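Contents: one structure, followed by commentary.
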Amino acid sequence: DTAVSQTPKYLVTQMGNDKSIKCEQNLGHDTMYWYKQDSKKFLKIMFSYNNKELIINETVPNRFSPKSPDKAHLNLHINSLELGDSAVYFCASSPSGRMNTEAFFGQGTRLTVV
Amino acid sequence: SQQGEEDPQALSIQEGENATMNCSYKTSINNLQWYRQNSGRGLVHLILIRSNEREKHSGRLRVTLDTSKKSSSLLITASRAADTASYFCATDPNFGNEKLTFGTGTRLTIIP
């Protein structure tokens, strides 16, 4: 029954590896997001998609590539992982429109690059 | 750039007391939202206040918005141990693409 689900919850990997994080929402929302939360708990938007179309790309290195096969899924692929990529990554979704309703967040994926 | 700044960064109070957190932002907004994050978990939406509203209530929560000062406050009355969490304000600017920009958060600890 989870509204927004992310997998995996934890990810530990070595520098230079490529990894993916998957996100699925069963709320029927049109818009999905990826946020990054750093060690100081600061949340920053990375990407947003609306109906599978990229809307926002907030100056994220092109090692990060989101993919939306359909409007219920937004996956995040990261190439050549770096130590600074260690963070918690959150997927979120909301109905389309001017964010006049709440965003629903997944539980987060804690990525640790060693 | 970071939109919201929350104040205080951390707050500890006794159970039963009221907790007040403040949020300041920089640009004009469509709405402002407050979220709670329990340790190791995702964010949960608490309340949304639109730019033409000044005050909103939801259970033990009271939110105010002053667009002239670009600030908002979240009041939690009769706090409980379960209210221990980080609280974030988030703004949706009324220009550009829709997105939520989060503040720095207030870490609230309720002492039983």
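By convention in this document, chain letters (A, B, ...) are assigned in the order of the sequence lines, proteins followed by strands, and residues within each chain are numbered from 1. What you see is a predicted model; the values in this text were computed from it and never measured.
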**Message:** Please determine whether the number of non-hydrogen atoms from other residues, nucleotides or ligands lying under 6.0 Å from atom CZ of Arg54(B) exceeds 12.
**Reply:** yes
**Asked** In the single-linkage hydrophobic clustering (I, L, V, M, F, W, Y; side-chain heavy atoms under 4.5 Å), do Leu11(A) and Tyr35(A) co-cluster?
**Response** no
**Request:** Spell out, yes or no, whether Trp34(A) and Tyr10(A) are grouped together once hydrophobic residues are joined by side-chain heavy atoms under 4.5 Å, including indirect joins.
**Result:** no
**Message:** Counting C-beta onward and ignoring hydrogens, is there a side-chain heavy-atom pair between Gln37(A) and Gln37(B) closer than 4.5 Å?
**Reply:** yes
**Message:** Counting only non-hydrogen atoms closer than 4.5 Å, does Gln6(A) touch chain B with its backbone (N, CA, C, O), its side chain (CB onward), both, or neither?
**Reply:** neither
**Prompt:** Does Glu53(A) CD have over 12 foreign heavy atoms under 6.0 Å away?
**Reply:** no
**Request:** Mind checking the CD-NZ spacing from Gln9(B) to Lys41(A)? Nearest 0.5 Å is all I need.
**Result:** 13.5 Å
**Item:** Neighbour count >12 (heavy atoms, 6.0 Å) for atom CD, Gln14(A)
**Value:** no
**Prompt:** If two hydrophobic side chains count as joined below 4.5 Å and joins carry through other members, does Ile45(A) share a cluster with Phe47(A)?
**Reply:** no
**Message:** Same cluster or not: Leu81(A) versus Tyr89(A), using hydrophobic residues (I, L, V, M, F, W, Y) connected whenever any side-chain heavy atoms lie under 4.5 Å apart?
**Reply:** yes
**Message:** I need the Leu43(B) CG to Phe90(A) CZ distance, nearest 0.5 Å.
**Reply:** 6.0 Å
**Item:** Same cluster (ILVMFWY, side-chain, under 4.5 Å), Leu48(B) and Phe104(A)
**Value:** no
**Request:** Step through the shown structure and confirm whether more than 12 heavy atoms of other residues, nucleotides or ligands are within 6.0 Å of NZ on Lys56(B).
**Result:** yes
**Asked** Are Leu43(A) and Leu100(B) close enough that some pair of their side-chain heavy atoms sits under 4.5 Å apart?
**Response** no
**Prompt:** Between atom CD of Glu102(A) and atom CD1 of Ile47(B), what is the distance when rounded to the nearest 0.5 Å?
**Reply:** 11.5 Å
**Atom pair OG1 (Thr104(B)) and NZ (Lys40(A)), whose distance is rounded to the nearest 0.5 Å** = 11.5 Å
**Asked** Do any of residues 105-114 of chain A have a heavy atom less than 4.5 Å from a heavy atom of chain B, and if so, which, in residue order?
**Response** Phe105(A), Gly106(A), Gln107(A)
